[in-house]
Trainee: 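I am attaching a structure below and will ask some questions about it afterwards.
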Amino acid sequence: QVQVVESGGGLVQAGGSLRLSCTASGLTFDDDVMGWFRQAPGKEREGVSCISRRLGKEDYADSVKGRFTISRDNAKNTVYLEMNNLKPEDTAKYYCAAFGSRWKLVDCPLTGAPYNSWGQGTQVTVSS
């Protein structure tokens with residue numbers, strides 16, 4: 001069973017930076033994807049960024065391109081989300097998720113459907 005644990009949220013002023021970390025244990029597939037999603041109160045869940053393990057394919061939501069950077073340490077099964085120039089609209093609970101595949105993945109999805117292991121989430125609050 002895959003377990004996902006996030007850390008690194010907090011309160012920051014607009015323009016500031018935060019780094020989120022997520023470690024997944026139990027990922028034993030030929031390939032896998034780890035992604036970040038967020039949900040603000042009263043809003044739908046939004047895919048933020050994702051990265052595949054074998055090819056390192058990345059994707060970002062338009063709203064965070066140029067400000068957020070995803071990376072991963074495959075040896076540690078850990079993914080990081082570096083968030084710079086944070087805006088009040090980035091305030092949300094951020095969730096890490098993962099899914100495995102028997103085949104090499106050529107991209108990573110920002111929709112939640114393929115992800116079957118989710119963390120409990122970490123709160124990010126950006127004050128204006």
Trainee: Can you check side chain to side chain contact (heavy atoms under 4.5 Å, CB included) on M34 and C96, steps first, answer last?
Mentor: CA-CA 7 Å; M34 296 179 72; C96 181; 4.2 Å; yes
Trainee: Distance-only, no hydrogens or angles: does the Y60 side chain make a donor-acceptor pair with backbone N or O of I70 under 3.5 Å?
Mentor: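 Pair found, side chain donor or acceptor close to backbone of I70.
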Trainee: Take E89 and S63, measure what side-chain hydrogen bond (donor to acceptor under 3.5 Å, both in side chains) needs, and give me the verdict at the end.
Mentor: CA-CA 10 Å; E89 51 263 43; S63 58; over 6 Å; no
Trainee: Could you tell me whether the side chain of S128 and the main chain of P88 form a donor-acceptor pair under 3.5 Å?
Mentor: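 The answer is no, because no donor-acceptor pair under 3.5 Å joins these two groups.
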Trainee: So Y95 and W118, would you call those rings parallel, tilted or perpendicular, with 30° and 60° as cut-offs?
Mentor: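 If you compare the ring of Y95 with that of W118, the planes turn out perpendicular.
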Trainee: What pairs with T111 under side chain to side chain contact (heavy atoms under 4.5 Å, CB included), at least two apart in sequence or on another chain?
Mentor: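 Only P109, P114 meet the side chain to side chain contact (heavy atoms under 4.5 Å, CB included) criterion with T111.
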Trainee: Are the charged groups of D62 and K65 less than 4.0 angstrom apart, N to O?
Mentor: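 Salt bridge: yes.
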Trainee: Looking at L105, is its backbone amide N or carbonyl O close enough to the side chain of D31 to form a donor-acceptor pair, meaning the two atoms are under 3.5 Å apart?
Mentor: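 Judged by distance alone, yes, a pair lies under 3.5 Å.
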Trainee: Looking at R54 and D30, does any basic side-chain N land under 4.0 Å from a carboxylate oxygen?
Mentor: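 Result for this pair is no, no salt bridge flagged.
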Trainee: To the nearest 0.5 Å, what is the distance between CD (Q120) and OG (S7)?
Mentor: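 One finds 13.5 Å between CD of Q120 and OG of S7.
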Trainee: In Å and rounded to the nearest 0.5 Å, what is the CG to CG distance from D90 to L18?
Mentor: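 Going from CG on D90 over to CG on L18, the span is 10.0 Å.
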Trainee: How long is the gap from CG on N74 to CD1 on I51, to the nearest 0.5 Å?
Mentor: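 One finds 7.5 Å between CG of N74 and CD1 of I51.
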Trainee: Evaluate the side-chain proximity of Q13 to L86: yes if any heavy-atom separation is below 4.5 Å, no if none is.
Mentor: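 No; the side chains remain at least 4.5 Å from each other.
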Trainee: Do T69 and Y80 pass the side chain to side chain contact (heavy atoms under 4.5 Å, CB included) test, and can you show the C-alpha distance, the side-chain angles, and the key distance before you say yes or no?
Mentor: CA-CA 8 Å; T69 303; Y80 306 96; over 6 Å; no
Trainee: With a 3.5 Å distance limit and no angle check, can you tell me whether T91 reaches the backbone of V126 through a side-chain donor-acceptor pair?
Mentor: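 Checking the backbone N and O of V126 against the side chain of T91, a donor-acceptor pair under 3.5 Å is found.
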Trainee: Any side-chain heavy atom of V124 within less than 4.5 Å of one from R38?
Mentor: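 Contact flag for V124/R38 side chains = no.
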Trainee: Going through the distances and angles, do V4 and C22 end up as a side chain to side chain contact (heavy atoms under 4.5 Å, CB included)?
Mentor: CA-CA 7 Å; V4 177; C22 170; 3.3 Å; yes
Trainee: Are any non-hydrogen side-chain atoms of L20 and M83 less than 4.5 angstrom apart?
Mentor: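 They are in side-chain contact.
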Trainee: How close do A24 and V2 get, counting heavy atoms only, and between which atoms?
Mentor: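 For A24 and V2, the tightest heavy-atom pair comes out as CB-CG1, 4.4 Å.
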Trainee: Rounded to the nearest 0.5 Å, what's the gap from CD on E82 to OG on S21? Could you check?
Mentor: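 It comes to 9.0 Å.
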Trainee: Within the supplied structure, the quantity of interest is the number of heavy atoms (other residues, nucleotides, ligands) at a distance under 6.0 Å from Q3 CD; does it exceed 12?
Mentor: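 Open.
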Trainee: To the nearest 0.5 Å, what is the distance between SG (C50) and CG (D59)?
Mentor: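 So the gap between those two atoms works out to 5.0 Å.
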Trainee: Should F68 and W36 be marked as a ring-ring contact (aromatic ring centres under 6.0 Å, His included) after you check the CA-CA gap, both sets of side-chain angles, and the distance that decides it?
Mentor: CA-CA 11 Å; F68 291 11; W36 288 98; over 10 Å; no
Trainee: First locate atom OG of S49, then atom CG of L110, and finally report the distance between them rounded to the nearest 0.5 Å.
Mentor: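 One finds 6.5 Å between OG of S49 and CG of L110.
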Trainee: Please check: side-chain N/O of E6 versus main-chain N/O of G121, any donor-acceptor pairing under 3.5 Å?
Mentor: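 Pair found, side chain donor or acceptor close to backbone of G121.
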Trainee: Run the salt-bridge test on D32 and R53 with the 4.0 Å N-O cut-off and return the result as yes or no.
Mentor: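 Here D32 pairs with R53 in a salt bridge, since their nearest N and O are under 4.0 Å apart.
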Trainee: Side chain to side chain contact (heavy atoms under 4.5 Å, CB included) between Y115 and V33: does it pass, once the steps are laid out?
Mentor: CA-CA 8 Å; Y115 296 84; V33 168; 3.3 Å; yes
Trainee: Could you tell me whether the side chain of K93 reaches within less than 4.5 Å of the side chain of Q39, counting heavy atoms only?
Mentor: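 Q39 vs K93: side chains apart.
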Trainee: Starting from V79, can I reach L81 by hopping between I/L/V/M/F/W/Y residues whose side chains sit under 4.5 Å apart?
Mentor: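 Yes, same cluster.
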